[in-house]
There are 2 protein chains.
Amino acid sequence: MPSSAPAEVPPPAAGSQGVEQVAPSFSPLYQQIKALILRSLQAGEWRPGEAIPSELELAARFKVSQGTVRKAVDELAADNLLVRRQGKGTFVATHHEEQIQYRFLRLEPDHADALGGGANRTFLDCRRLRAPADVARALQMKQGEMVVEVRRVLHFSGQPVVLDDIWLPGHLFKGLTAERLSQYRGPMYALFESEFGVRMIRAEEKLRAVLADDDVARLLEVAPGAPLLSVERLAYTYGDQPVELRKGLYRTDRHHYRNELN
Amino acid sequence: MPSSAPAEVPPPAAGSQGVEQVAPSFSPLYQQIKALILRSLQAGEWRPGEAIPSELELAARFKVSQGTVRKAVDELAADNLLVRRQGKGTFVATHHEEQIQYRFLRLEPDHADALGGGANRTFLDCRRLRAPADVARALQMKQGEMVVEVRRVLHFSGQPVVLDDIWLPGHLFKGLTAERLSQYRGPMYALFESEFGVRMIRAEEKLRAVLADDDVARLLEVAPGAPLLSVERLAYTYGDQPVELRKGLYRTDRHHYRNELN
DNA sequence: GAGTGGTCTAGACCACTCC
DNA sequence: GAGTGGTCTAGACCACTCA
């Protein structure tokens, strides 16, 4: 966004400050630094899991003080784009090496004793098709462009709990097949990150209560007409670009969706 | 709550740092300052909506630098306990003068055109009774202690959408009646704050999909067996003390529960 | 113009990690 | 011991608010 000049910031001049970009409105130096680091992340200058340069190096590169870099990095870490590790460095966040299996899944068992040990995934389908109108709209694609459609079921403690229908832009996920998905160990978003270079960084969900139709009832092993939690998720990568639409149906007889309000 | 000693911190000594409280493990100075400010908030030294002392005053009072106070205040502002206003001061957060009517309500209309203008509240019931087991457990009270039970319906655009059953510790809400609730203009939490000195600062929700029983169906004007979003909320005041249990049932045919994941 | 929070700098020392 | 992020200080100037 900022200048046309190389990824550098105008010199702070004597009494510091005095940064005047060309067109846009003023913004604090640390916000500009944040934007520059963000640009490097998006461009893949440092890959997920790798360390970025130290604060002192970044300060030298951008010709600002360490404190200013620190504030920029603090915000990026708060956004879960970077991870700070004292004594080691600052790292690009990754869906690999994550403590929790499912980064965005807010479902948890009603009773902790129900071991959350393993979720088994079953991929029922993975095909390419022309985007239906609502999918195209959500993913900001043209209607009729190719998308990948995936259907899967998650089992907890042997019970089917989640049925997900997932749509991904076809041009970003060229070699994606049911086989690749089935064979992969670890979070789906980790696969997307390392195999397709698409990193999910935030998401929005819309929740509703719905009734199971016959198809869904069979797959989730509930009676037709049973209540299900409908979770429509739109996930974004860098630059607020939507790259995944997911319509999930959750059984909530032994689990619940947990949310914290602040 | 303040300590036996005046609310002050040991002097930083020459090379700064060197703060050693008696028993607990070490923690950064700004965390200790944060805890002291929190204590003052809880004790009501400054009331909701009022300004707290300026950063320089606080720095003098706690015998630390302005930067350290700033970091403490930054975190309290991030937690929505304080509100910073440039040029004016830092203020204790309040449920009055809030832009949005419902601080914790995540429900929004499917189509923005559906005017969110006004939500009409109808209070169906407000009585005192001995806490049922589950309510007592959630509110960390003894079973059989008195609680206030409130039932209300929210209407949006003339349609009933939310049915809430609310339980509050009786000893904290002595004079609460249906009449007080009905007459009050503004958020319920604002009433709780100014009339009963109980400020809600965060909450946890558990969501499920359920079916409407006959009673509920009548009140929300849906068919018996219609799907409803069940939202169980536990709201906390200072010190992680639970002070409100709320079981809500939401119609989600024209609205949805919105959540952001980061 | 005084007072407030907001930004930026420079330099110090601490805590942790790794060699 | 060198290098990293984490904390703390002191002082400067900026942007905003209000009298």
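By convention in this document, chain letters (A, B, ...) are assigned in the order of the sequence lines, proteins followed by strands, and residues within each chain are numbered from 1. Note that the structure is a prediction, hence the values are computed from the model and not measured.
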When you measure from the centre of the six-membered ring of Y257(A), is the NZ or CZ of R106(A) under 6.0 Å away and within 45° of the axis?
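Because its charged atom misses either the 6.0 Å distance or the 45° angle limit, R106(A) does not stack over Y257(A).
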Any ion pair linking [Y] and [X] (charged N to carboxylate O, less than 4.0 Å)?
X	Y	value
R103(A)	E193(A)	no
D79(B)	K34(B)	yes
E204(B)	K206(B)	no

Could you state the atom-to-atom distance from [atom1] of [X] to [atom2] of [N] in whole Å?
X	N	atom1	atom2	result
I52(B)	dT4(C)	CD1	C1'	12 Å
L29(B)	dA10(D)	CG	P	12 Å
F62(B)	dT7(D)	CZ	P	19 Å
K71(B)	dT7(C)	NZ	C1'	16 Å
L56(B)	dG5(C)	CG	P	8 Å
D74(B)	dT7(D)	CG	P	13 Å
K63(B)	dA10(D)	NZ	C1'	18 Å

Residues from residues 87-95 of chain B sitting under 4.0 Å of DNA chain D, heavy atoms only?
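Going residue by residue through residues 87-95 of chain B, the ones with a heavy atom under 4.0 Å of DNA chain D turn out to be G87(B), K88(B).
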Contiguous pairing runs of three or more, Watson-Crick or G-U under 3.5 Å, that involve DNA chain C:
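Stem list for DNA chain C: C:1-18 with D:1-18.
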Tell me which nucleotide among [options] gets nearest to the side chain of [X].
X	options	value
Y30(B)	dC8(C), dT4(C), dT7(D)	dT7(D)
E57(A)	dT4(D), dC8(C), dT4(C)	dT4(D)
R70(A)	dC8(C), dT9(D), dT7(D)	dT7(D)
Q86(B)	dG6(C), dT4(D), dT7(C)	dG6(C)
S65(B)	dA10(D), dT9(C), dG5(C)	dA10(D)

Starting at CE of M188(B), measure out to CZ of F104(B) and round the result to the nearest 0.5 Å.
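Rounded to the nearest 0.5 Å, the CE-CZ separation comes out at 13.0 Å.
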Between CE on residue M200(A) and CZ on residue R233(A), distance to nearest 0.5 Å:
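The CE atom of M200(A) sits 9.5 Å away from the CZ atom of R233(A).
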Do the side-chain N and O atoms of Y189(A) and E244(A) include a donor-acceptor pair separated by under 3.5 angstrom?
yes
Distance alone, cut at 3.5 Å: any donor-acceptor contact between the side chains of H255(B) and E108(B)?
no
Taking only the side-chain nitrogens and oxygens of T68(B), find out if one of them lies under 4.0 Å from OP1 or OP2 of dT9(D).
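Looking at the OP1 and OP2 atoms of dT9(D), one of them is under 4.0 Å from a side-chain N or O of T68(B).
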Relative to the 5' end of DNA chain D, which residue comes earlier, S54(A) or Q66(B), by the nucleotide with the nearest heavy atom?
S54(A)
What orientation do F173(A) and F192(A) show, parallel under 30°, tilted 30 to 60°, or perpendicular over 60°?
perpendicular
